Amino acid sequence: MAVVTFPRKEFEKVIGKIDEKMQERITMFGTPLEFLTDEEVGIEIFPNRPDLYSLQSYLRSFLAFLGKKTGLKKYKAHKPEKNYEVIIDKSVKDVRPYTACAIVKNLKFDDEKIKEVIDIQEKIHSTLGRNRKKIAIGIYPLEKIDLPIKFEARKSQDIKFQPLESQKEMTASQILRQHPTGREYAHLLQGKEKFPIFVDSKGEILSMPPIINSEKTGKITEKTKDIFIECSGSDFEILKKTLNILVTMLAEMGGKIYQMKLRYKKEELTPDLQPEKMKISIEEANKLLGLSLQEKQIKKLLEKMGYNYNSKNNEVEIPAWRTDILHPVDIYEDIAIAYGYENFLPEIPSIATIGEEAKEEKIIRKISEILTGLGLIEINTHHLLTKQDIKKTGLKPKIEVENSKTDYKILRLSLLPSTLRVLSKNIDAEYPQKIFEVGVVFDKDDKQETGIKESKHLAIAITPGNFTELKQIFEYLARMLALEFKIEETEKENFIEGRVGKILLKDKELGFLGEVHPSLLKSWNLKMPLTYLELSLEEIFGSLS
Amino acid sequence: MEIEKLIERLNPDERAILPYLTEKTLTKISEKSNLDKIRVLRALEFLNNKNIIKIKKTEKKIIDLGNNGVIYLRIGLPERRLLNLLSERKTLSLEEAREQGKLSENELKAGIGALKKKALIEVKKGKIIFIGALEEIEKRSLEEQLIESLPLPYDKLKPEQKLAFENLRKRKDIIEVNVEKEIKVDLTELGKQIITEDLTKLTKYKDMIEELTPEMIKKEEWKGKKFRKYDVVSKVPAINGGKKHFVNQAVEHARKIWLELGFKEMTSTLTQTSFWNFDALFTAQDHPVREMHDTFYIKNVEGKLPDKKLVGQVEKTHEKGISGSKGWKYSWNKEEARRIILRTHTTALSAHTLASLRNLKNKKGKFFAIGKCFRNETLDWSHEFEFNQTEGIVVDKDANFKHLLGYLKEFFKKMGFKNIRFAPAYFPYTEPSVEISAWNEERKVWLELGGAGIFRPEVVVPLLGEYIPVLAWGPGFDRILMDYYNIKDMREMYKNDLTKLRKIKFWV
């Protein structure tokens, strides 16, 4: 969840006072207001709208939503001047194949703006950029660079420069091993023989993406007027969009955008601020939203969301910085937002359908009605157990989850450990304790789609318990469900010899009931005798439906 | 008349103790009435409720003999035994004193100490020498007098008894102080009136019927007799009954709502392939939600993918897009889709359901599910790695956004939320998307209840084989539940504290 923080003063200068109504408008724009103080406005930006991360671009879109300065905002991208070139060497193909670059001039930076530029880079890196894996952004003062620039990959020993926040020159491997930022992102270049760098025409290394810039050329200051921006990664389309987000934000700060020639095999020009076009259908939009809007109204709503609409060919012009428009439905949602979610009248269509409870759930409900009728209390436990639980019950872990943030990491094979845990937490509660649970247990099974067989089990525990009472409960349950079980003497680890029976339905063993052995009680610190039943319900589901 | 009525309501025990209430203490009343203390106490409480008496609970310190005290009472205090020896011979060696007086080392010390204090002896070169007047030997000491008169209440001790008590208290186990909780009874004005009534009248109530027995019914013995009136207001001991777990009660309530609205229940397993949980729902394989940081992946188990046609469609949708979509434009990996996870949302069930409608001619229906889902989370007051979600989909060619809001509004109204707000939201698999919030009057804030939307064509087309609008929602369930039961700590949900489970109210 990305929450951006804007200075309230700047924000109110443009849109007016943030009163209760305005707070509501912010949320209904699809950007929930998270907090509001005298100095700051905190707004949540969903991951599909990285174009709203900066104050300038947020206000651009929000003003239109409020009905001021509607329609597609146009920015001029000047043609490249001589030398405005980036040569992409084929050596980067295996490490970081693409870059999209631009030059922005005439900027006036102050502390606040420098912070904003750094903030938006970080926000994009951590969201859309998937922690720099997909996108890494670099911004450099143009006066320290000699164009044209080359994007190439070199072996570690051939890369030597002074990275940001470092006193000395380092090689690529040194940066990845020793520099804090290097270490943090080293995994992104793991196993690569060569590492990507931007290098200027004098051979000065500007940066090693996606890791770090050079201290000499990679730092903007209040004196910086003109900058060079590059976005590098593996998906050229997304890099171009990211570049557009950045340059239009800088243009809102007063900058002049210049394109660069990207010398791939086939030459490309970036940034490309031409709007994308997508055909929509008025009928489809109305049908999906349950509205009957005229084309004129839809055009107006689209303009409130920063689009242009051409009624001749039903085409929508999409801002070049929107990354989230994959399909006309994405535009239809924006129509709904502009129309106002609060203006839709909720409606239940008068179609007759018949409700139906899942059979299993119905049987489980009946079982718990029968057991609660006998005064038993239902418990509800986790499906994941700790290694300790398994060990204390004398079992072996079989199915484990990866990287659990807690000690709970084993999928349970039986309800016994869960039940014992509950009893051990309740040794001071009133006795007798009669509890039951219906829960899922897991076992490996190659025949299943997931390689795991899940079955619903019933567990009953009575403490202080005697075998007769438990058997009475079980037999009552069986009679009420009209099922004919057989019980045969058996032996079971953790249970007292001669006091365990297996439960059979049509000669198939479904579970057991018996008195728990004192050694197991001891290992769980239980002080009272305990009788326990566990039964798979899967066969019962089958024979009752 | 009032009094008459009151007397009619007295139970036999109350009547039995009534004449002895002036005795004031529980012990005495119990002795006189010949009822055990517990029965008297209960009767007193009933009388207290009827405002006939006022019960006062007091504590009394009682001084009594300790273990050694009991022995000394019989054989004499060590100093007495020493004195007896000294009355025969004025000088004794320590050895002789110990052996002939049958004194232990400690007793000897204590005895010598006590006599020295009274200046009756001195000890010189291992000898005890009597130096007091002979008549002193005969005199019984204050300590001796005290132990003979025990037990005594502490506040009744005379000054010289108090002195003896202080002396003996320092010595081992001779006396002990017991705190006796005493119940004292004071008659109220009403009580005084009742007992000034002719108490012999009480005998006439002896014929009142207490418990109605089968015998009485059979023989009609109740005829012409009065039933003793019970005190229907007094408290009785609490009992508890069998009960479903409160989470399951809430789940059942929600299930009933969906059934009332004509929805059919979907079920599936808690473990799922990533394919059903993510890929089929157009969640790109590099989406952060798919990282181990958020999702439980199962070690060393690999799943199977469904039929090739469906997998191919999903692959194409991710890579290049389908039905007018641009897709995510990356290389989709089958292995990733085969990884097994604990389902992160019940939306995986909706994906299964849509695929099951694929070969039907008339693809429509309303479906719901309620179930456990998992996320790799820490465990504290605001985090749980298991949570409940309720899922619903409506597959209908005429379904639209207004219907979506309609179903949600109705469901939440039935769940007890009257003031609902819908705001724009984002989920990878729905467009438009909506976030449902409920107004919390107590805290004056909108509380998020969960998300909903209309499935994207990128989800529907591969699963269903064609585009039909599918309304979908999957609000978490636990916040609603915690709100209802006023639970502040998430760990309470699956703690299974039996005392609390016995007490917690039903979901009604």
Side-chain angles (χ1 to χ4, degrees), chain A residues 27-28 30 32 46-48 130 235 237 287-290 326-330 332-333 336-337 341 344-349 353-358 360-361 368 372-383 399-406 408 422 426 429 433 440 449-452 454, chain B residues 241-245 247-248 255 259-260 262-265 267 269-273 286 292 296-299 301-304 321 324-326 329 340 342 366 376-379 385-386 400-403 405-407 409-410 422-424 426 431-432 434 454 456-457 469 494 496 498-499 501-502:
Chain A
T27 297
M28 297 314 277
F46 296 130
N48 61 329
R130 305 282 191 260
D235 177 347
E237 290 305 312
K287 193 167 175 295
L288 187 72
L289 302 179
L326 302 179
H327 189 278
V329 288
D330 294 300
Y332 302 156
E333 180 185 63
I337 293 173
Y341 275 27
F344 283 89
L345 287 177
E347 173 186 314
I348 290 193
T353 52
I354 294 164
E356 193 182 322
E357 186 178 19
E360 290 182 10
E361 293 301 329
S368 62
T372 52
L374 289 174
L376 275 70
I377 290 178
E378 187 184 32
I379 56 168
N380 194 336
T381 60
H382 287 132
H383 295 83
I399 310 171
E400 234 177 283
V401 298
E402 289 182 65
N403 289 58
S404 173
K405 285 181 192 160
T406 65
Y408 294 82
V422 169
N426 279 290
Q433 297 172 0
V440 175
E449 186 185 35
T450 58
I452 292 168
E454 292 181 21
Chain B
K243 192 189 280 177
K244 284 187 196 181
H245 192 273
V247 170
N248 292 348
R255 174 178 290 124
L259 292 171
E260 281 169 6
F263 283 72
K264 187 174 171 182
E265 188 165 11
T267 54
T269 49
L270 300 173
T271 50
Q272 293 283 340
T273 57
D286 70 346
M292 244 185 256
F296 282 125
Y297 283 87
I298 312 273
K299 270 186 196 170
V301 184
E302 204 181 65
K304 299 184 184 75
S325 166
K326 296 195 270 183
K329 295 184 179 151
I340 303 299
L342 286 171
K366 286 151 66 177
N376 195 355
E377 253 315 345
T378 52
L379 198 56
F385 53 81
E386 296 193 10
N400 65 44
F401 191 59
K402 279 181 172 170
H403 301 155
L405 305 187
Y407 286 118
K409 197 178 168 192
E410 189 62 30
F422 299 112
Y426 171 74
E431 199 79 10
V434 49
I454 301 179
R456 300 185 63 96
Y494 305 110
N496 296 297
L498 291 180
T499 309
L501 288 185
R502 282 172 172 139

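All figures in this text were calculated on a predicted structure; none of them were measured in a lab. So you know, we letter chains A, B, ... as the sequences are listed, proteins then strands, and number each from 1.
Taking A:Val401, A:Ile399, A:Thr27 one by one and counting their heavy-atom pairs under 4.5 Å with chain B, the maximum is reached by A:Val401. Annotation: maximal heavy-atom pairing with chain A below 4.5 Å, among B:Lys299, B:Met292, B:Glu377, B:Glu260, occurs at B:Lys299. Annotation: maximal heavy-atom pairing with chain B below 4.5 Å, among A:Arg130, A:Glu400, A:Glu357, occurs at A:Arg130. In terms of heavy-atom pairs under 4.5 angstrom with chain A, the leader among B:Lys326, B:His245, B:Gln272, B:Lys304 is B:His245. Interface check for chain B: of the options A:Pro47, A:Pro32, A:Ala336, A:Ser404, the most heavy-atom pairs under 4.5 Å are formed by A:Ser404. Of the listed residues A:Thr381, A:Leu289, A:Asp235, the one with more heavy-atom pairs under 4.5 angstrom with chain B than any other is A:Leu289. Counting heavy-atom pairs closer than 4.5 Å to chain B, the top residue among A:Ile377, A:Thr406, A:Asn426, A:Ile348 is A:Asn426. Among the candidates B:Leu405, B:Asn496, B:Leu379, B:Thr269, the residue making the largest number of heavy-atom pairs closer than 4.5 Å to chain A is B:Asn496. Most heavy-atom pairs under 4.5 Å with chain B: of the set A:Lys287, A:Met28, A:His382, this distinction falls to A:His382. Among B:Glu410, B:Arg502, B:Lys366, the residue with the largest count of heavy-atom pairs under 4.5 Å with chain A is B:Arg502. The candidate from B:Pro469, B:Gly303, B:Pro432 with the greatest count of non-hydrogen atom pairs under 4.5 Å with chain A is B:Pro432. No other option in B:Gly406, B:Pro424, B:Gly242, B:Gly321 has as many heavy-atom pairs under 4.5 Å with chain A as B:Pro424.
Of all heavy-atom pairs spanning A:Pro328 and B:Gly324, the tightest one is CD-O, 3.9 Å. When every heavy atom of A:Pro349 is checked against every heavy atom of B:Tyr407, the shortest pair comes out as CG-OH, 3.5 Å. Pairing each heavy atom of A:His383 with each of B:Glu386, the nearest pair is N-OE2, 2.5 Å.
Of the possible polar contacts, none joining the B:Lys409 side chain to the A:Pro346 backbone as a donor-acceptor pair under 3.5 Å is found. A side-chain donor-acceptor contact under 3.5 Å links A:Lys405 to the backbone of B:Asn376. A side-chain donor-acceptor contact under 3.5 Å links A:Glu454 to the backbone of B:Leu270. Here the side chain of A:Thr372 pairs no donor or acceptor atom with the backbone of B:Lys244 at under 3.5 angstrom. Under the 3.5 Å distance criterion, the side-chain polar atoms of B:Glu431 are left unmatched by any main-chain donor or acceptor of A:Glu333.
Both the backbone and the side chain of B:Leu498 have a heavy atom closer than 4.5 Å to some heavy atom of chain A. Looking at A:Ile354, the atoms closer than 4.5 Å to chain B (heavy atoms on both sides) all sit in the backbone: N, CA, C or O. Heavy atoms of B:Ile454 lying under 4.5 Å from chain A belong exclusively to its side chain. For a residue to count as touching a neighbouring chain, one of its non-hydrogen atoms must lie under 4.5 Å from one of that chain's; by this rule A:Leu376 touches chain B with the backbone only. Proximity to chain A (any heavy atom under 4.5 Å) is shown, for B:Thr271, by both the backbone and the side chain. Interface remark: A:Val329 contributes backbone and side-chain atoms alike to the contact with chain B (heavy atom separation under 4.5 Å). In this structure, chain B has heavy atoms under 4.5 Å from both the backbone and the side chain of A:Asn403. Contacts of B:Phe422 with chain A are made by both backbone and side-chain atoms, with heavy-atom separations under 4.5 Å.
Distance check, rounded to the nearest 0.5 Å: CD of B:Glu265 to CD of A:Glu356 gives 9.5 Å. Rounded to the nearest 0.5 angstrom, A:Ile452 CD1 and B:Ile340 CD1 are separated by 6.0 Å. To the nearest 0.5 Å, atom CZ of residue B:Phe401 and atom CG of residue A:Leu288 are 9.0 Å apart. Put simply, CD on A:Glu360 and OG1 on B:Thr267 are 5.0 Å apart, with the number rounded to the nearest 0.5 Å.
A side-chain donor from one of A:Asn380 and B:Asn248 sits under 3.5 Å from a side-chain acceptor of the other. In this model, no donor atom of one side chain and acceptor atom of the other lie less than 3.5 Å apart for B:Thr273 and A:Glu449.
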Decide yes or no on side chain to side chain contact (heavy atoms under 4.5 Å, CB included) for B:Arg456 and A:Asp330, but give the supporting numbers first.
CA-CA 9 Å; B:Arg456 300 185 63 96; A:Asp330 294 300; 2.7 Å; yes
